[in-house]
Amino acid sequence: SSMQLLRVFYWSAGSLVAFFLAWILQPLEWHNLHDTESLITRWGYPFESHIVRTEDGYILEIQRIKHGRNAPDPAHHRPPVLLQHGLALDSSNYVANLPNQSLAFLLADAGFDVWLGNSRGNSYGRKHESLHHWDFEFWNFSWQEMANHDVPAIVDKVLEVTGEQRLNYIGHSQGALILFARLTEDEELTKKIHNVFALAPALSVTNIRGPIAGIAPLAPILQQIEQLAGGSFGVFRRSIVNTIIGQVLCNNDYLSTACARYFYANGGIESKQLNTSRMDVYLSSYPDGMSTKNVVHFGQMVLHKRTARFDYGADENLARYGCRIAPAYNFTNVKVPMYIWYSPQDYLVSDVDIQEMIIPTLDSQYLKLNKSLPSYNHVDFHWGLNAVADIYEPIIEILTSETKIR
Ligand SMILES: *[C@@H]1O[C@H](CO)[C@@H](O)[C@H](O)[C@H]1NC(C)=O
Ligand SMILES: *[C@@H]1O[C@H](CO)[C@@H](O)[C@H](O)[C@H]1NC(C)=O
Ligand SMILES: *[C@@H]1O[C@H](CO)[C@@H](O)[C@H](O)[C@H]1NC(C)=O
Ligand SMILES: *[C@@H]1O[C@H](CO)[C@@H](O)[C@H](O)[C@H]1NC(C)=O
Ligand SMILES: *[C@@H]1O[C@H](CO)[C@@H](O)[C@H](O)[C@H]1NC(C)=O
């Protein structure tokens with residue numbers, strides 16, 4: 001009807017104005033509307049920010065929810081749990097929903113000391129001791145450097161502040177990959193990880209589907225562009241633009257379904273477990289910053305059908321790794337209790353990859369749980385509402401009995 005048309009016109013015009021305003025306002029770096037701190041403090045949880053320095057000079061902000069909403073019992077031991085986000089995302093993923101729906105809040109209220117990690121290149125990892133984020137050298141990394149430098153530095157910071165010997169690690173997608181990769185070659189780190197909970201872990205992406213699958217073969221072209229440009233560069237960051245688009249375009253009855261569909265397009269099926277009234281929160285952190293070299297590395301995983309170190313070409317591989325083909329990661333060498341959840345409807349990390357490429361390579365002595373969940377999109381593992389019953393409550397049960405918290 002004409003009334004509806006008018007409303008659509010209103011929303012379109014409003015969005016254009018919002019987009020324009022946001023674009024003008026962007027230099028103000030007014031991007032903290034739904035940042036991790038405000039999402040935590042708005043519900044009355046205690047917030048702490050800690051700075052991690054990696055051995056190659058990156059400066060990362062990680063966050064902590066020291067205890068639940070009720071004042072803690074000082075006699076009560078709160079084991080540390082570290083939550084690590086995936087590609088083009090950030091720590092806000094774990095506090096994006098209501099307190100009874102977000103993994104970090106549920107863990108804090110269940111008696112754990114919750115830590116939220118951030119990887120280099122996202123909005124909390126854009127600083128370096130000597131490089132500026134305008135420098136190409138700053139963006140000269142892929143997930144391999146996150147595994148080698150970010151993971152050990154973040155884990156050490158958590159153990160240093162808490163005075164604990166080891167922690168529990170929960171990683172989504174790339175967040176799980178970087179821990180697993182490092183654990184294959186770091187016995188010191190292995191001693192510091194009590195349990196690892198892997199949500200749609202990107203340990204193999206050979207059977208990737210959907211729009212991203214069409215982009216993966218373009219990785220060599222992206223490398224050409226990097227060469228022309230002068231090096232790897234950063235793309236995306238948290239911005240008020242995304243938040244306003246989310247608020248104006250998506251948080252309304254007319255467009256929320258279309259927005260959710262756009263949102264879901266890359267990650268798999270439309271699973272209907274997203275709270276479409278919170279699109280502004282989700283969109284303000286998606287996509288967050290990443291380097292083009294990281295995209296190339298994931299592209300190599302798809303093209304070569306293996307999970308290996310970054311492929312620099314035969315000559316440089318030989319100089320760097322001592323062999324012409326970039327060496328694969330051998331996940332048999334991960335010797336930490338593992339709990340894995342994944343879904344056949346996830347386009348990025350498919351059940352075929354997990355069941356055929358990964359699980360047979362794992363040391364079965366350490367594989368404690370391998371669960372395929374029907375109808376999960378890649379983002380449902382941290383934003384979906386069903387994840388509470390399907391994943392978060394089981395994690396809390398396991399952690400509570402493993403760490404003898406009660
Ligand atoms: C969380 O709380 C809201 C409102 O209090 C309620 O509608 C919802 O069912 C709860 N969700 C879960 C998973 O308990
Ligand atoms: C990127 O880092 C590697 C070392 O890991 C170095 O060989 C290369 O020159 C660097 N490239 C740029 C553009 O900084
Ligand atoms: C969805 O989010 C809205 C707004 O943030 C909130 O008021 C509502 O309770 C949430 N709905 C569910 C089902 O959790
Ligand atoms: C991985 O490591 C295990 C144990 O060290 C070894 O038995 C296996 O052959 C290795 N797999 C590959 C593909 O190299
Ligand atoms: C993992 O789960 C799948 C699906 O439930 C099952 O077929 C497979 O046997 C399991 N593998 C292991 C090693 O537990």
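Whatever order the structure lists ligands and atoms in, that order sets their numbers, starting from 1.
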_Phe310 backbone acceptor or donor facing Tyr321 side chain under 3.5 Å_ = yes
*Glu145 near ligand 2 by a heavy-atom separation under 4.0 Å*: no
*Which is closest to atom 9 (O) of ligand 3 by heavy-atom distance: Leu98, Val281, Asp280?*
Leu98
*Do the side chains of Tyr45 and Val95 get nearer than 4.5 Å, heavy atoms only?*
no
_Please work out, at 4.0 Å between heavy atoms, whether the side chain, the backbone, both, or neither of Gln227 comes within that distance of ligand 2._
neither
*Reference residue Gln84; test side chain to side chain contact (heavy atoms under 4.5 Å, CB included); the match among Ile178, Leu177, Ile170, Leu179*: Ile178
*Nearest neighbour in protein (non-hydrogen) for atom 13 (C) of ligand 5*: Ile359 CG2, 3.6 Å
*Go through ligand 5 atom by atom and flag the ones less than 4.0 Å from a non-hydrogen atom of Tyr342.*
2 (O)
*asked:* To check your reading of the model: name the closest protein heavy atom to atom 14 (O) of ligand 5, its residue, and the distance in Å.
replied: Asn370 ND2, 3.2 Å
_Audit row: Glu185, Arg309, salt bridge (Lys or Arg N to Asp or Glu O under 4.0 Å) steps and yes/no_ = CA-CA 12 Å; Glu185 54 186 9; Arg309 273 76 175 172; 2.7 Å; yes
*Do Ile354 and Pro201 have side chains that get closer than 4.5 Å, going by heavy atoms?*
yes
_Candidate list Trp134, Tyr58, Phe141, test ring-ring contact (aromatic ring centres under 6.0 Å, His included), partner His128, passing option_ = Tyr58
*Per-atom contact, atom 7 (O) of ligand 5, protein heavy atoms, under 4.0 angstrom*: no
*Winner among Lys368, Lys371, Gln355 once heavy atoms are compared against atom 4 (C) of ligand 5*: Gln355
_So, regarding Ser277 and ligand 3 (criterion: nitrogen or oxygen to nitrogen or oxygen, under 3.5 Å), is there a contact or not?_
no
*asked:* Give me the residue, atom name and distance of the protein heavy atom closest to atom 5 (O) of ligand 2.
replied: Arg320 NH1, 3.4 Å
*Closest to atom 10 (C) of ligand 3 (judged by heavy-atom distance), picking from Leu385, Asn97, Asn275*: Asn275
*Can you spot which of Asp35, Asp288, Asp90, Thr36 makes a side chain to side chain donor-acceptor pair (under 3.5 Å) with Tyr124?*
Thr36
*Numbering as shown, the atoms of ligand 3 that approach Gln101 to under 4.0 Å (heavy-atom distance)*: 12 (C), 14 (O)
*Among protein heavy atoms, which lies nearest atom 12 (C) of ligand 2, and at what distance?*
Asn140 ND2, 3.2 Å
_In terms of relative ring orientation, are Trp143 and Tyr329 parallel, tilted or perpendicular, with 30° and 60° separating the classes?_
tilted
*When you check the gap from the basic side-chain N to the acidic O, do Lys371 and Asp390 get nearer than 4.0 Å?*
no
